[in-house]
> 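Here's a structure for you.
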Number of protein chains: 2
Amino acid sequence: MTVTLTSTTTSDDVVRTPSARGPVAPSRGTLQPLRLDQVAVTGGPWGRRQDVNADATLAHVEHWLEREGWLGNFDATAAGASGADRAGREFADSETYKLLEAMAWEHGRTGDAELDARLQAIVARVAAAQAPDGYLSTAFGRPGTPDRWTDLEWGHELYCLGHLFQAGVARARTAGPDLLLQVCTRAADLVCDVFGPGGIESVCGHPEIEPALVELYRVTGERRYLEQARLFLERRGHQVLSEIEFGRSYFQDDEPIRDAEVLRGHAVRATYLSSGAVDLAVETGDDELLAAVVRQWDATVARRTYLTGGMGSRHQDEAFGEDFVLPPDRAYSETCAGIGSVQLAWRLLLAQGDPRYADLIERTLYNVVDAGPSASGTAFFYTNTLHQRVLGTVPDPDQAVPRAASSLRAPWFAVSCCPTNVARTFASLQTLLATTDDEGVQVHQYAPATLTADLPGDRRMAVRVVTDYPRSGRVEVVVDEAPGTPVTLTLRVPSWAVGATLSDGGTTSPVAPGSAAVTRVFAAGDVVRLDLPVAPRFTVADGRIDAVRGTVAVERGPQVLCVESVDLPGRVHVDELVVDTSQPPVEVDGEVQVQGWLRPHADAAWPYGTPGEPAPAASTPTQPVRLAPYADWAERGPTTMRVFLPAASTTAPATTTPQEA
Amino acid sequence: MTVTLTSTTTSDDVVRTPSARGPVAPSRGTLQPLRLDQVAVTGGPWGRRQDVNADATLAHVEHWLEREGWLGNFDATAAGASGADRAGREFADSETYKLLEAMAWEHGRTGDAELDARLQAIVARVAAAQAPDGYLSTAFGRPGTPDRWTDLEWGHELYCLGHLFQAGVARARTAGPDLLLQVCTRAADLVCDVFGPGGIESVCGHPEIEPALVELYRVTGERRYLEQARLFLERRGHQVLSEIEFGRSYFQDDEPIRDAEVLRGHAVRATYLSSGAVDLAVETGDDELLAAVVRQWDATVARRTYLTGGMGSRHQDEAFGEDFVLPPDRAYSETCAGIGSVQLAWRLLLAQGDPRYADLIERTLYNVVDAGPSASGTAFFYTNTLHQRVLGTVPDPDQAVPRAASSLRAPWFAVSCCPTNVARTFASLQTLLATTDDEGVQVHQYAPATLTADLPGDRRMAVRVVTDYPRSGRVEVVVDEAPGTPVTLTLRVPSWAVGATLSDGGTTSPVAPGSAAVTRVFAAGDVVRLDLPVAPRFTVADGRIDAVRGTVAVERGPQVLCVESVDLPGRVHVDELVVDTSQPPVEVDGEVQVQGWLRPHADAAWPYGTPGEPAPAASTPTQPVRLAPYADWAERGPTTMRVFLPAASTTAPATTTPQEA
């Protein structure tokens, strides 16, 4: 792996050379991200994800964008052709922009010249489609399409531009200002003209341009962009969009973001919007706005988040459900919402430094973002159910599927937001590992990695992280370079890691969940070791989550596990399993097992009746049942699957005496 | 109440005078429905429903149809005006037709001349909109609208005509052939021309015309209509409609009806289609088709039906969920799907005579159809949730609501299928009470009523049903007129009525759920008495219904009960309640009570953690908690509500030790 970028001291206010900043570069905050040339993942599961993304996913996405005609839409627009037979949905442009962003981060990570050429070729096609006044869309404003800005509720014009800006930001930070940034600023200037003071007093039905404008401001120093982000954020919630069947909460236009108590509506929209609010709050010192987002995040995590970190329990509107409505079998848990949640938590972590944000990032990366794509990086879940009841059918690898929910990963979707979102996330994944502040370095996520931080006073700290986490709970931080002055090395202790220990200089001490810090003068070769208890454990849910009452889940380290029918004797349906919770999960030859009973069910004519005697479960012998990481499910063909397993002590309702037979 | 119709012996093959048949008049079957002049509800809850329907709902519906411009659509079509500003959704015509059907049944029930005049005034407006070739739609085929038959998936043209035909059938049976029947046959002839052999080989995205064509055949004797119904039924399932986001199962075009194993897809569509299949099977002697529907009905009732009888657990596509996916809080349970289920079960009851069909009719009438409308008959639930988590807001009584799901009953909806469906169902409700066969009379539903049956050999049996069921479980059948030969009087014993007794001639005997029959020579004044145990009881669900594991429901007679927060001390949220299942429900001064604990919950930062000790629920005193009929919920303003109540013996998961705080 080659890190091509060199650190620069160029102000972002005047972009001349790449800043090597990653996604999200706040000008203030408790913690500062490392630059792209200061952090690299060097192996392990996340290293594999980055390699597969580079080797397979980027080309896969480019292939499908071309094949489906979504790239061709730009050529047609440039040629002045009619949009009557335009390909794809109204937001298809955004997939090209997310691919460009992914390519930019990947090029910044590895310096791949061939990738750079492919990126520039796409940028040229996009740039050719831009109107002289800066407008850019293949779905509006040309012959055969609706007029510009005539469908703010559903048209996604500003949403698409938001993704364009994020691509331009990525390119500017990794390669310096070029054609893509010019395209962005011309479009952004138009947006400010049209939607600024005295212009259209409305917002886009899908938030995204808000964080993008703040990031574009960070790259260009153009305060108009920051101000336009503020206008968009302040307008929303005042019913500036039309009433729709799902209600205005769908696009967070029901209530101003300063007043809301919890995330609601469309989960991707909600997390993107909140990310923009954090960006704005940080850049403008708006502590009230930041506190509002934190309050909503707290309530959302406490009441509206799946064990996996997944967000969104409603298929109908891809939305958050009400508090504690978290059904495993109808989990929507869109991959993109997981990515949005990571983006939001990362911003909050930088702003406030609290390790709980990094906890949710880890949980979501391992159990949502990693669950979405196949190991091959060329097939994807759009939704991430926690309970698959029906054996699926293998999708045609040469056919886009029309539906978001599928029982096996598919190569492409009619709405294909997730593959491109995964690509840009993995291409910049290393930036989530660690941060710095005036005192030292904070390691938030554990993977084999190299980390360097510039500290005040021209000091420099460089470490290597050596680990095979999460297979093992041992994490060693080896110092490669250290100043001769005290530095604080902070290691996150995940919330589940009760019983963790920290070893330094021959001393081992217990450390509580939260953070463990060592402050001293380090020398090259020093090793600080964190030992996290990753043994499998039972997990139960708050009693208010009705959908999982009387069940247990099994977790191991940061990973949520699941049972798949492909692993059950006779491949019986997972719903035949009842777990004996008196026997804790164990690990045998690297395989997690619980003890349980497999009980075939017979139908009653009517499935409700008077309570009967509890089944004599304890009197029959249990058998071992294998669990595997949830993120890997459905990699071995059609299977039923569940995360929350009925527990033996609560099976009384299964023994009804059916009356109406 | 005046029953205006006199029994006629006119063959339905040549319609000259009203036949006094009710909805569904099969030419063969195990049981035969009574004629409209042979059955009347004379009081009780169903009598009140019929009165309110006549006094309030019909006028309410007519008012809203006029006000929303849905009636005006016919005038505009008749005038040749552009449809560009047509009011309402593409299926709005059907609401007018359902109102006409309701008015026809109501006029047939009471002979209300003013109602008859109103009906005829609407018919005149509808008839004026019919094209010379018989085509009738305000949404297609005129200037400013799409061409005829260009959107079979979503256009609802044939669906609307199906409701037109059902209105025409009701009118012909209650008033004889008049303009409305002429409109119907002209339209039906066109449908046969266009969709018959050699025509468009497709079907409507929303089944409805199938049962309607069979009923129109029954009224007119025109076999082309029966044959067209057969064509529509046989074509569906062979992917004759386009693929849609919800999948072809949405409109049952995934699989031929002869092959399917269970009802699936959109619940109203599925029950209407199955109803048509039973009609066709009965008229053509197609036992294989009938058996296919029965098989699907059995599986649907065993695996996909709510305790209330409600069908459809998915908001996204108003569809059946997978087996055992029956979440109370996201129950869709559309009122119209309940009505469709009653229509289907009634047809199966007539065809096969099995009391289990009448069981489901009773359950669904009491707990879905009766739950939909308010006591006033002027506000409606579209969906019927079994768990209301959030206090709602009172809908504006002067404003249609855009969404199907609402926390309180609303006067009208953008999609307003339910009010008109309720109206036609209540206007003909009495026809569901009883049937006849060669041996005697079968009473299926218990309400104060008069019933008369013509038996072979010019014999006649007339009885009165005296009861205040379901308040009391006592049902007395008093003989008013009997032949001097043996007659069998059959009374349904509901499936839940374990311990029922039958008294006749001074003898009381236990009777098991199913049917209790008395065969003897009856005399005027004889009384047969059924005593049903309506005391409240706990009910639990099949263990595979994950969403209600560890809970109990309370039922009383045919009624499902619920807890509302308006009845809880301090009006706390219903989710604070845990029921002590060791103390059975009791009835105190006519009020059903359980004993339980009300326990406020505190949020954890993360709602998942390691299993803790069970809460010491048993050590704290319980308090009585009132339950009320589910059908009456939300009549007293905003409230939280639940049917399935967490049970004390299964509250261990509520006592998590939150880790990630």
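In the text below, chain A, chain B and the rest are named by the order of the sequence lines, each starting its count at 1.
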> So for B/Phe644, is it side chain, backbone, both, or neither that comes closer than 4.5 Å to the heavy atoms of chain A?
side chain
> Please enumerate all residues that pass ring pair (Phe, Tyr, Trp, His ring centres under 6.0 Å) together with A/His573, with sequence neighbours excluded.
none
> Is it the side chain or the backbone of A/Ser313 that comes within 4.5 Å of chain B heavy atoms, both, or neither?
neither
> Give, as side chain, backbone, both or neither, the part of A/Ala602 having an atom under 4.5 angstrom from any heavy atom of chain B.
backbone
> Examine whether an atom of B/Glu245 lies under 4.5 Å from a heavy atom of chain A, and if so say whether it belongs to the side chain, the backbone or both; otherwise answer neither.
both
> Heavy-atom distances under 4.5 Å only: say whether A/Leu326 touches chain B with side chain, backbone, both or neither.
side chain
> Picking from B/Asp298, B/Ile545, B/Val401, which has the most non-hydrogen pairs under 4.5 angstrom with chain A?
B/Ile545
> I'd like to check A/Val325 versus B/Arg330 (side-chain heavy atoms, cut-off strictly below 4.5 Å). Are they in contact?
yes
> Between A/Glu243 and chain B, with a heavy-atom cut-off of 4.5 Å, which part of the residue counts as in contact: side chain, backbone, both or neither?
side chain
> Find out whether A/Glu576 and A/Pro600 are in side-chain contact, i.e. whether some heavy atom of one side chain is under 4.5 Å from a heavy atom of the other.
yes
> Taking the side chain as everything from C-beta on, heavy atoms only, tell me whether B/Asp329 gets closer than 4.5 Å to B/Arg389.
yes
> Using a cut-off of under 4.5 Å for heavy-atom pairs, which of B/Ile244, B/Val301, B/Leu307 has the most such pairs with chain A?
B/Leu307
> Determine whether the side chains of B/Tyr250 and B/Glu153 contain a donor N or O and an acceptor N or O closer than 3.5 Å.
no
> Side chains of B/Asp317 and A/His315: donor-acceptor distance under 3.5 Å anywhere?
no
> Which atoms of A/Asp546 are under 4.5 Å from chain B, going by heavy atoms: the side chain, the backbone, both sets, or neither?
both
> Using side-chain heavy atoms (C-beta onward) and a distance below 4.5 Å, is A/Ser495 in contact with A/Asp359?
yes
> Tell me every residue that passes ring pair (Phe, Tyr, Trp, His ring centres under 6.0 Å) with B/Phe538, counting only those two or more places apart in sequence or in another chain.
none
> Using a cut-off of under 4.5 Å on heavy-atom pairs, state which of A/Val415, A/Val390, A/Val552, A/Asp575 scores highest against chain B.
A/Val390
> Check whether A/Arg642 gets within reach of chain B through its side chain, its backbone, both or neither, counting any heavy atom under 4.5 Å.
side chain
